[in-house]
Amino acid sequence: MKRFFTVSVALLMVMCFALSASAAGIIYIITPSASNPFFGTEQRVGAAKAQALGYTPKCFSHDDDAAAQLQLFEAAISDGAVAIICDNAEN
């Protein structure tokens, strides 16, 4: 019985480490309008790389509005994002 308990605890620990390694976190990618081919590509490539590294990407557009950009930063912080990639608003 003691051996079963030890093996069960060890297996549980391995599963917890595997889950924590696969759940790396959220990365916000904030750019001007994604309808612009440059910024759309920036979002797609950034999201693909983030996903390949085990992160969950979330892409947003601030449409060159500094107030919208600030709101997106606050949302990223509230969401627990581990990183924010931002192409700054020009206004």
Side-chain angles (χ1 to χ4, degrees):
M1 185 69 168
K2 185 177 180 183
R3 181 182 167 115
F4 175 76
F5 179 74
T6 304
V7 170
S8 297
V9 170
L11 183 59
L12 182 61
M13 288 175 59
V14 168
M15 287 172 49
C16 287
F17 286 127
L19 287 174
S20 66
S22 67
I26 299 169
I27 293 181
Y28 269 57
I29 302 169
I30 304 169
T31 65
S33 178
S35 64
N36 178 311
F38 178 81
F39 301 122
T41 301
E42 193 173 39
Q43 281 188 359
R44 283 190 304 279
V45 170
K49 186 63 174 180
Q51 204 165 26
L53 293 171
Y55 295 94
T56 302
K58 291 189 175 184
C59 297
F60 297 96
S61 175
H62 55 59
D63 292 321
D64 266 341
D65 181 1
Q69 178 178 296
L70 177 61
Q71 289 176 343
L72 288 167
F73 266 75
E74 290 172 347
I77 292 166
S78 295
D79 204 9
V82 296
I84 301 171
I85 300 169
C86 181
D87 196 320
N88 203 29
E90 298 295 328
N91 295 352

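Counting from 1, the numbers follow the sequence of the chain as shown. Every heavy atom of this structure was used, including side-chain atoms; hydrogens, water molecules and symmetry mates were not.
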Does the pair E42 and T31 meet the rule for a side-chain hydrogen bond (donor to acceptor under 3.5 Å, both in side chains), with working shown? CA-CA 8 Å; E42 193 173 39; T31 65; 4.9 Å; no
Could you walk me through whether D87 and F39 satisfy the side chain to side chain contact (heavy atoms under 4.5 Å, CB included) test, starting with their C-alpha distance in whole Å, then the side-chain angles of each, then the deciding distance to 0.1 Å, before giving a yes or no? CA-CA 8 Å; D87 196 320; F39 301 122; 3.3 Å; yes
Looking at side-chain heavy atoms only, is the closest gap between I30 and I84 below 4.5 Å? yes
Walk me through whether R44 and T41 qualify under side chain to side chain contact (heavy atoms under 4.5 Å, CB included). CA-CA 5 Å; R44 283 190 304 279; T41 301; 3.1 Å; yes
Main-chain N/O of D64 paired with Q69 side-chain donor or acceptor, under 3.5 Å: no
Decide yes or no on side chain to side chain contact (heavy atoms under 4.5 Å, CB included) for K58 and D79, but give the supporting numbers first. CA-CA 10 Å; K58 291 189 175 184; D79 204 9; 2.7 Å; yes
Are I27 and F60 linked, directly or through other ILVMFWY residues, by side chains that come within less than 4.5 angstrom of each other? no
Check for a donor-acceptor pair, side chain of H62 on one end and backbone N or O of L70 on the other, with a separation under 3.5 Å. no
Keeping the roles fixed (side chain from D63, backbone from D65), state whether a donor-acceptor pair exists under 3.5 Å. no
Taking every heavy atom of S61 against every heavy atom of L72, the minimum-distance pair comes out as O-CD1, 3.8 Å
Should Y55 and V82 count as side-chain neighbours, where that means a heavy-atom distance under 4.5 Å? yes
Would you check if I85 and Y28 make a side-chain contact, meaning some heavy-atom pair closer than 4.5 Å? no
Does some side-chain heavy atom of F73 sit less than 4.5 Å from a side-chain heavy atom of C86? yes
Closest contact, heavy atoms only, P57 versus A47: CG-O, 3.5 Å
